[in-house]
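Worksheet: the structure to be examined is printed underneath.
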Amino acid sequence: MAKFYITTPIFYVNDKPHVGHAYTVIVADVLARYHRMRGDEVFYLTGTDEHGVKIQEIAEKQGKQPKELADGISAKFRLAWDTLNISNDGFMRTTDAHHEDAVRYALSEMYKQEWIYKGSYEALYCVGCEQYKMKSELVEGKCTDHNREPEVHSEEAYLFKLSHFAPEILKRIKSEKIKILPVTRHNEMVSFLELEGLNDIAISRRKEKVAWGIELPFDPNHTTYVWVDAFLNYITGLGWPKDKTRMEKFWPANVQLMSKDILRVHATIWQAILLALGLETSQTLFIHGFFTVDGQKMSKSLGNVVDPMEIAQTYGADVLRYHLMREISFGSDGDFSLRRLEERHESDLANGIGNLVARVLGMAEKYTGGKVPEITASVFSNVWDAYGSHFEKFQPDQALSAVWGFITDVDKFIDTEQPWVLAKTDTERLNFDLYILLESLRHLGRLVWPFMPSTAEKIFTQLGLPDELKVGYDEGKKWGGLQPGTRVTKGEGLFPRLIPNP
RNA sequence: CGCGGGGUAGAGCAGCCUGGCAGCUCGCCUGGCUCAUAACCAGGAGGUCGCCGGUUCAAAUCCGGCCCCCGCAACCA
């Protein structure tokens, strides 16, 4: 039995989840469920990143302790993922005690081996604000509030010997030992490393500056900065360093999903930390794009941030899952639009899968009293081959396309066979066709399960197959799994139209 | 010369890596069917694949140049 370990980034708890977070988590969920369906032993990890000066500041503004703030937002993420039916096996919080212990352990180890050394860090201090600034907060090198260049303060810090690992990392990326997908991202990283290389980076801040963080075990005046803390979740989530069996079974991760903005740090700093700790590097980094909303950048100031909870509550989790997986070509940027979501709901879900299921079960009730006929037969080309190969190539959107092609084939079959005529003229052929149709719905349920788990379960219920998910992958994709005599019932429509036609 | 993505039918997108009849969804037109959530099926109209040049028997696809749009600029998925 193969293992499959998949991770999403851990999300920063400065605000509640938005549709971009949801997208990453849904993609990971679809891949995780697909591998579970195949019978692989799966571990799916997500979580929240909770330390740092920003959290400290937001908490102060709200008159809260940082931990209190983090608890609240972290809970919102978990609730959102429950609502979206995300099947993660672990949820890491960087404030979990065993994570903090592990981070201290990692820091000590790296310090002992001199991968971490004392040096200095150049901080930018704006006298006007009386605050340190990030490079990203400056416009043309100036503080936006005071229109002046910040002073450069040199500050004691601990540095990580990232530069040492650059050649090895480049080698591994080139040889695809660390595989970066899609190809354009691989090329991007290779040229970045070849042209610019890597400098050592500061991994600590003075405690008076960033109090909300994990103290360095070898210097209580410093807390560790985001890198060591956040990245380690990918292995502390497996119980590292204590739980050796789980670590040995699942590490290295088969797929680490992320969006393009954090590729660089994952392909460099994170891999270097692993090397420094004597661990295997990641197998695959899969990079997806960003969303715009109705063609515009999603931002708080524009007020167009999409809340996945609202969408799920209005339309249903499966509708959002389907839409995101189908609409966005996996790996590239995409646009999120409610109008498109509603369009897809009507055409693909209501008219497509919803109508087909109702159509077939309606006929079964009408013509055979809801009993699966005694005849078994197959006519459709094997949709499973295309489906599986798309998944192997990390193209879940293509896999979905193949499933919808299958739906069209079944609709076509009904039109060609005209069961409503056969009902009057040829009972044997009618039964033959009905078996094919009902069995097709069983396959449809299985195909759709990784994407839309609730919908799949509804289909199985209507087909009288409560235990269908317990059937193994190879067994389940064979034709003829539906037993003659099974009692089927046309239940509630899967996706009632939002706008009934006149 | 900072990095990257994009410009393909009225709208939204795929195809480009690995050249070989330009494809999908929505919308529109015509026809069929009546089992189904007025759903389904067939046929059709609609595109100088941003512009210019090159390579090639053959270019949306490869190469060079230009124009326009959009992100990012080592913690916003």
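The structure displayed is predicted, hence computed values, not measured ones. Throughout, a chain's letter reflects where its sequence line sits, starting with A, and its residues are numbered from 1. Every heavy atom of this structure was used, including side-chain atoms; hydrogens, water molecules and symmetry mates were not.
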Just call it for [X]: base, sugar-phosphate, or nothing, with non-hydrogen atoms closer than 4.0 Å on any strand.
X       : answer
F495(A) : base
F291(A) : base
G334(A) : nothing
F290(A) : base
I262(A) : sugar-phosphate

- Note on the structure: Given protein heavy atoms under 4.0 Å, the one-letter contact record of nucleotides 42-47 of chain B, with B base, S sugar-phosphate only and - none, is simply S-----

- Message: Requiring both pairing distances under 3.5 angstrom, list the stems that contain RNA chain B and are made of three or more consecutive Watson-Crick or G-U pairs.
- Response: B:2-7 with B:67-72, B:10-13 with B:23-26, B:28-32 with B:40-44, B:50-54 with B:62-66

Review item, nucleotides 22-32 of chain B N/O atoms under 3.5 Å of protein N/O:
| from | atom 1 | to | atom 2 | distance (Å) |
| --- | --- | --- | --- | --- |
| G32(B) | N2 | D415(A) | OD2 | 3.1 |

- Message: Suppose we screen for salt bridge (Lys or Arg N to Asp or Glu O under 4.0 Å). Which residues come up paired with D200(A), at least two apart in sequence or across chains?
- Response: none

- Using the test side chain to side chain donor-acceptor pair (under 3.5 Å), find all partners of Q462(A) that sit at least two apart in sequence or belong to another chain.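 Counting only residues at least two positions away or on another chain, Q462(A) forms no side chain to side chain donor-acceptor pair (under 3.5 Å).
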
- Message: On the side chain of Y225(A), is there an atom forming a donor-acceptor pair with the base of C75(B) - under 3.5 Å, no angle test?
- Response: yes

- Residue pairs passing the salt bridge (charged side-chain N to carboxylate O under 4.0 Å, His left out) test with at least one member in residues 255-267 of chain A, sequence neighbours excluded, are K260(A)-D333(A)

